[in-house]
Amino acid sequence: MMARLQLWTTGLAAIVALSVSLAAAGESGLPAMGAEQIVKKESHPVLFRKKREWIWNSLYVEEEKPAPMPYKIGQLKSSQRVEVKSFRIDGEGANTIFTVDHKGDLFVTRSLDREEKNAYHLTARMYDGNNKLIEDAGDFVVQVTDINDNTPVFPRTYNGSITERAVIGTPVLEVRATDADDATTANGELRYSLTPAGDLSAFEIDSISGVISCKVNTLDRETNSQYLVVVKAQDMRGMASGSTSTTSVTITVTDINDNIASFLQKSYELHVREDHKLNEKIGTLTLEDRDEIQHKQPSFLIVGENSKMFNVELSPNKDGDLMLKQALDYETTPSYTFTVQVRENLRSLHLPADNLNSAVTTAQVNIKVLDVDEAPVFSQPTYTFTVVEERIVNNIGTVTARDPDKANKSIRYSIDKDCPISINPITGQLSTLRTLDRELKASYMFQVRAQEEPSGLESFVKVNIIVQDINDNKPELTVDEIFVCENDPNNTVIGTLRATDKDDQPASFTFGLAGPSSNFSIRDFGNSTADVLVKQGPFSLDDPKDYSVDVRISDGGRPLQTSVTKLAIKLCHCDGRRIATQCKAGARRMGVSVHALIAILLCILTILVIVILFVMRKRYQKDSLASMKNSGEIHEQLVTYDEEGGGEMDTNGYDVSILTSACHDGSLLRHPDRHPHPSLYAMVQKPTACKGDMAVMIEVKKDEADHDRDGFPYDTLHIYGYEGPESLAGSLSSLQSSSTASNLDYDFLNDWGPRFRTLAELYGVDAPDYYHQY
């Protein structure tokens, strides 16, 4: 900025000098020249650098000084001698905070705060009476001097901690305060101290650094776990004239394991029921340990034999929980007394312990067992007995239980249902209800209940019954398919026999022929195997005979079990290496299983029932026909069908009950008091047909049906005479066709015998057209 001001001042002087020279030239009659010409003539015609003539004094302002009226802080001076002059200032606070008069005196118009701004940068210029710049700009600084107008401030609250039994000089924390005054002066220099308003017994503070440290080695958290100290910060290097401020500092004494656990009582008395469950708490042996719980590390020891019955475990609160290890019995031992010792973990203990002489480390425990009504107790936790299979055993074994109480009540025994074993309710003796089969089930497991009488407590015990095996199963033959070749010589081994037995006992099987065999023999090796040999040949595939042998097997047990099995032997054609190339199946025993036999019997029974029902229905139909005949009149229906279709008019029904009274000669019976009318058959026939032939035919058919017991009765007579009035095909029947109009000659029917006599009369001759009258 100073460079710019100097450049501007130099330029202004050059302009003024140029103006003066121009004016002088005009007055003398010389021609005026422009500035450009002067510059061209001389490289530096009028620009001269002058030495600054400002004379500065140190300018200082005291902060916080009242200024009801502007007061002088200094004077702007220049070495130039000018009678009339004026000053101007520019910069921070110019003409507001700072003013200058025509003499150059600098004034402050208000109170200043160093902490807000400690220096002001200004620029001064001096002018003559014509407002001509005489002295170019010069920079100067007004310094605001500090006074002790600020007190120390603690920026935050302080809390510290130290472990108990710490050594002297152990630092706790550092306290720091701030002062807004000038730190390079005494106004901002602080000193720290502890005031009597806090605890001065255990801690001290460094006056310069503010570090609080321990000055004793007897800190005890159990006695005093917290200290409150008051720290004072004072400026002016701690002089009495300095400003002060205070803060409270909380110092916590942290715990270490410096106390041993101690019983609260020298003796404990506990009551426990005799049915108390094992490994559950009986009671608590409460301890006192002045240390915090994380440093509470006791261990317990039961003195004497009672350590087998009881145990002391550490509880979540680091007390002693008394636990039961073995079952109690009031009737045997009603009370227990023993001593428990408590010890501390010496590895983490800071010796000597504070309460070493006052701690109670041994206590006596008295336990009173309370009597309760207990359930029966079995003599064994489980029972196992053996029973021989296939036998009724009356005394398998005995299950016993007792009442553990002094009352000694009687016990009653029972077993759940669906068990093949029974128990004597008084003595507990077990017996079988039926024979047992080891091959079906090798063992039985059930529960026996023992209950105090009457209707008292009950308990259960498991009983295992193992079924003992006896030799009661016959041996079974095990053999692969055996075949004999056509060209096998004598003593050729054609197969090996083995056997199995369902019994559990080891068997020694022997083999032999149950009957004589001319072709084969058996050679027993005595090791439960045998060979089948060819005894005598030859054999041929053309021989229809099937070969087999009856093999007798004995298991060698007691009692001896023997079985006979028919062994089928195939006959085969073999090659040179005795490999079968063509075989004929050997004889096999045909058998039917029980299920197949039952199915066959059911089928036979079903067929028999169907046949019986059919016969009964046949007889019922014949009896009904006979009863209808005896009733005197059979009502029947004559129905005609139009086979070609044509609507509901295709079918016409006619009542043919009147035909039952037809005469054998073709005439119809008529009632004396009835008027004559044409018969139904005459209505459906053409006029040229014989009117009595149909009645005769129907009568013949009825007579045959009445005497034919093997045929079905004719309940309905169907005449297919008409195809319906609306059918386009018309009638396909020959009943309405005249015998004269027919192209066929039916006279040959007369030669066919009496069975075709009726047809010969209907179609072979022409008869007059008449109606039978009633």
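Everything quoted here is computed from the prediction, not taken from an experiment. Any value given below was found using the heavy atoms of this structure, including those in side chains, with hydrogens, waters and symmetry copies removed.
Between the side chain of Asp291 and the main chain of Asn259, a donor-acceptor pair closer than 3.5 Å is present. Checked by atom type and distance alone, the side chain of Gln505 pairs as donor or acceptor with a backbone atom of Asp469 at under 3.5 Å. Side chain of Gln447 to backbone of Asp416: no donor-acceptor contact under 3.5 angstrom is found. Here the side chain of Asn471 pairs a donor or acceptor atom with the backbone of Pro559 at under 3.5 angstrom. A distance-only check finds a donor-acceptor pair linking the side chain of Asp255 to the backbone of Glu292 [under 3.5 Å]. With hydrogens and angles disregarded, a donor-acceptor distance shorter than 3.5 Å links the side chain of Thr581 to the backbone of His573. Asp555 places a side-chain N or O within donor-acceptor distance of the main-chain N or O of Gln561, the cut-off being under 3.5 Å. Between the side chain of Asp575 and the backbone N or O of Ile579 there is at least one donor-acceptor pair closer than 3.5 Å. Checked by atom type and distance alone, the side chain of Thr562 never pairs as donor or acceptor with a backbone atom of Ser554 at under 3.5 Å. Checking side-chain atoms of Ser262 against main-chain N and O of Val360 turns up a donor-acceptor pair under 3.5 Å.
Looking at Leu541 and Glu486, their side chains come closer than 4.5 Å, going by heavy atoms from C-beta outward. Residues Glu344 and Gln297 are in side-chain contact: their nearest non-hydrogen atoms beyond the backbone lie under 4.5 Å apart. Counting heavy atoms from C-beta outward, His276 and Ile282 have side chains that approach closer than 4.5 Å. For the pair Pro298/Leu314, a side-chain contact is recorded, criterion being any heavy-atom separation below 4.5 Å from C-beta on. Side-chain contact check for Asp258 versus Asp220: some heavy-atom pair is nearer than 4.5 Å. Looking at heavy atoms from C-beta onward, Thr510 lies out of side-chain contact with Arg552 at the 4.5 angstrom threshold. No side-chain heavy atom of Ile367 sits under 4.5 Å from any side-chain heavy atom of Met309. Ile607 has its side chain out of reach of Ile610: every pair of non-hydrogen atoms, C-beta onward, lies at least 4.5 Å apart.
Salt-bridge formation is detected for the pair Lys296/Asp319: a Lys NZ or Arg NE/NH1/NH2 atom is positioned less than 4.0 Å from an Asp or Glu carboxylate oxygen.
Shown here is Glu280, whose CD atom has more than 12 heavy atoms of other residues, nucleotides or ligands within 6.0 Å. Other residues, nucleotides and ligands contribute more than 12 heavy atoms inside 6.0 Å of the NZ atom of Lys215. Around NZ of Lys368, the count of heavy atoms belonging to other residues, nucleotides or ligands within 6.0 Å does not exceed 12. Within 6.0 Å of the CD atom in Glu439, the count of heavy atoms belonging to other residues, nucleotides or ligands exceeds 12. Arg273 CZ: 12 or fewer foreign heavy atoms inside a 6.0 Å radius. Shown here is Lys318, whose NZ atom has more than 12 heavy atoms of other residues, nucleotides or ligands within 6.0 Å.
The closest side-chain donor-acceptor pair between Asp199 and Ser201 falls under 3.5 angstrom. Using modelled atom types and a 3.5 Å distance limit, the side chains of Ser299 and Arg343 yield no donor-acceptor pair. In this model, a donor atom of one side chain and an acceptor atom of the other lie less than 3.5 Å apart for Ser410 and Glu453.
The two residues Leu228 and Ser248 make their nearest non-hydrogen contact at CD1-CB, 3.9 Å. Annotation for Pro376 and Ser459: closest pair O-OG, 2.7 Å, computed over non-hydrogen atoms. Taking all atoms of both residues into account, the shortest heavy-atom contact from Val393 to Val388 is CG2-O, 4.5 Å. Nearest heavy atom pair, residue Glu274 against residue Tyr330, reads OE1-N, 2.9 Å. The two residues Thr435 and Ile392 come nearest to each other via the heavy atoms N-CD1, 3.5 Å. Nearest heavy atoms, Asn394 versus Gln429: O-NE2, 3.0 Å.
For the cysteines Cys572 and Cys485, the sulfur (SG) atoms lie at a distance of at least 2.5 angstrom from each other.
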- side chain to side chain donor-acceptor pair (under 3.5 Å) between Asn366 and Thr337, intermediate numbers included: CA-CA 5 Å; Asn366 299 316; Thr337 301; 3.1 Å; yes
- Message: Between Thr254 and Ser161, does the side chain to side chain donor-acceptor pair (under 3.5 Å) criterion hold? Intermediate values first, please.
- Response: CA-CA 7 Å; Thr254 58; Ser161 64; 5.7 Å; no
- Message: Run the side chain to side chain contact (heavy atoms under 4.5 Å, CB included) test on Asp546 and Lys584 for me, step by step, so that the C-alpha distance in whole Å, both residues' side-chain angles and the decisive distance to 0.1 Å come before the verdict.
- Response: CA-CA 9 Å; Asp546 291 326; Lys584 182 177 71 173; 4.2 Å; yes
- Worked verdict on Asn473 versus Asp503 for side chain to side chain donor-acceptor pair (under 3.5 Å): CA-CA 6 Å; Asn473 287 278; Asp503 294 322; 2.5 Å; yes
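Note on ring orientation: taking the six-membered ring where Trp is involved, the planes of Phe378 and Tyr413 are tilted (angle from 30° to 60°). In this structure, Phe385 and Tyr383 have parallel ring planes: the angle between them is below the 30° cut-off, well short of the 60° mark. By the 30° and 60° cut-offs, the orientation of the rings of Tyr227 relative to Phe203 is perpendicular.
To the nearest 0.5 angstrom, Leu477 atom CG is 4.5 Å from Ile553 atom CD1. Glu305 contributes atom CD, which lies 12.5 Å from atom OH of Tyr336 (distance to the nearest 0.5 angstrom).
No option in Thr478, Asp531, Asp480, Thr529 other than Asp531 meets the side chain to side chain donor-acceptor pair (under 3.5 Å) test with Thr496. Screening Arg165, Arg221, Arg290 for a salt bridge (charged side-chain N to carboxylate O under 4.0 Å, His left out) with Asp354, the sole residue that qualifies is Arg165. Partner Ser315 forms a side-chain contact (heavy atoms from CB on, under 4.5 Å) with one of Leu287, Asp321, Leu285 and no other, that one being Asp321.
Between Phe520 and Phe539, the ring center distance clears the sub-6.0 Å criterion.
Partners of Cys214 according to the disulfide bond (SG atoms under 2.5 Å apart) rule, which considers only residues two or more places apart in sequence or in another chain, do not exist here.
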